[in-house]
Amino acid sequence: MNREEVISLQEEKETLEKYLVIHKLRLGERLNYVVSVSDELDQEEVYLPPMMIQPFVENAVIHGIEPMDKEGIIQVRFYKDGNLLVIQVDDNGVGIQDSSKNKNAAHVSYALQIFKERVANLKKRYGTEILYSIIAKDPSVESGTLVTVKIPLKSF
């Protein structure tokens, strides 16, 4: 993959922060966020496909936080686990089950579908295995959703 098809971790972080600032302006105190990068990652030397995480952040804002009438928090974490770049989008929103109840029957969510297609294309084109999970938190402990994406370092 050449440099035009990827962006630095620093660029990805800045893009996500700008996106969240816009929603913070719109939602005010109902939205707080933290975007953090582990010190063991060189933000200028780690590369990833652009906009891999933004759809999950968008879902957290629109479907998780926006329907609530209390403070919502989104945490985006980038860290290293062995030879993997791990990215987590963690929110305290209404959760997947409640979010589904609030959507009308005609609603189609494309974020996950597009993400899966991109992952399949990256695997086919570059042999890059990208793992992910989407976990609904136990509402008796904490509401919300935790998305984890694992991308091999040095794959791009």
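Numbering of residues begins at 1 and proceeds along the displayed sequence.
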query = Where do H23 and E58 land on the side-chain contact (heavy atoms from CB on, under 4.5 Å) test, with the steps shown first?
reply = CA-CA 9 Å; H23 284 287; E58 181 176 334; 5.6 Å; no

task = Walk me through it: do V147 and V149 pass the test side-chain contact (heavy atoms from CB on, under 4.5 Å)?
result = CA-CA 7 Å; V147 176; V149 177; 4.3 Å; yes

query = Given V35 and Y19, is the side-chain contact (heavy atoms from CB on, under 4.5 Å) satisfied, shown in steps?
reply = CA-CA 11 Å; V35 180; Y19 179 81; over 6 Å; no

request  = Quick one: do E45 and Q10 satisfy side-chain contact (heavy atoms from CB on, under 4.5 Å)? Show the steps, please.
outcome  = CA-CA 9 Å; E45 295 297 322; Q10 180 177 341; over 6 Å; no

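Hydrophobic clustering of Ile, Leu, Val, Met, Phe, Trp and Tyr side chains at less than 4.5 Å, counting indirect connections, keeps L85 apart from L131. Both I62 and L20 are assigned to one and the same hydrophobic cluster, defined by single-linkage of ILVMFWY side chains at heavy-atom distances under 4.5 Å. F78 and Y132 fall within a single hydrophobic cluster, where Ile, Leu, Val, Met, Phe, Trp and Tyr are joined by side-chain heavy atoms under 4.5 Å apart, directly or via other members. In the hydrophobic clustering of this structure, M52 groups with L153; members are Ile, Leu, Val, Met, Phe, Trp, Tyr whose side-chain heavy atoms approach within less than 4.5 Å, directly or through other members.
Other residues, nucleotides and ligands contribute over 12 non-hydrogen atoms within 6.0 Å of the NZ atom of K24. Within a 6.0 Å sphere centred on CG of D138, other residues, nucleotides and ligands contribute more than 12 heavy atoms. Within 6.0 Å of NZ in K13 there are more than 12 heavy atoms belonging to other residues, nucleotides or ligands.
The residue from I73, N92, N32 that alone fulfils the side chain to side chain contact (heavy atoms under 4.5 Å, CB included) condition with I65 is N92. For the pairing with Y33, the side chain to side chain contact (heavy atoms under 4.5 Å, CB included) check across L16, V61, V76, V21 returns one residue only, V21.
Across all non-hydrogen atoms, the minimal contact from P55 to M51 is CD-O, 3.3 Å. Closest of all the heavy-atom pairs between V6 and P49 is CG1-N, 4.2 Å. Nearest heavy-atom pair across I130 and V119 is O-CG1, 3.7 Å. Annotation for I74 and V57: closest pair CD1-O, 4.4 Å, computed over non-hydrogen atoms. Scanning both residues, I87 and I151, for their nearest heavy atoms gives CD1-CD1, 4.1 Å. Scanning all heavy atoms of the two residues, the minimum distance from P67 to R30 falls at N-NH2, 4.4 Å.
We find the OH-CD distance between Y110 and E117 to be 11.0 Å, quoted to the nearest 0.5 Å. In this structure, L48 CG and I7 CD1 are separated by 5.5 Å, a value rounded to the nearest 0.5 Å.
Side-chain polar atoms of Y47 and E12 form no donor-acceptor pair below 3.5 angstrom. Using modelled atom types, one finds a donor on one side chain and an acceptor on the other under 3.5 Å when comparing T148 with Q88.
Using a 4.0 Å cut-off between a side-chain N of Lys or Arg and a carboxylate O of Asp or Glu, E66 and R26 qualify as a salt bridge. Taking 4.0 Å as the cut-off between side-chain N and carboxylate O, K70 and E29 do not count as a salt-bridged pair. Comment: E129 engages K123 in a salt bridge, judged by a side-chain N to carboxylate O separation of less than 4.0 angstrom.
S143 places no side-chain N or O within 3.5 Å of a backbone atom of G95 that could act as its donor or acceptor partner. With E11 contributing its side chain and S8 its backbone, the two residues share a donor-acceptor pair below 3.5 Å. Under a 3.5 Å cut-off, the side chain of S38 and the backbone N or O of L41 do not form any donor-acceptor pair.
Within the 6.0 Å centre-distance limit, the rings of F115 and F56 are counted as a close aromatic pair.
Residues passing the salt bridge (Lys or Arg N to Asp or Glu O under 4.0 Å) test with E142, sequence neighbours excluded: K137.
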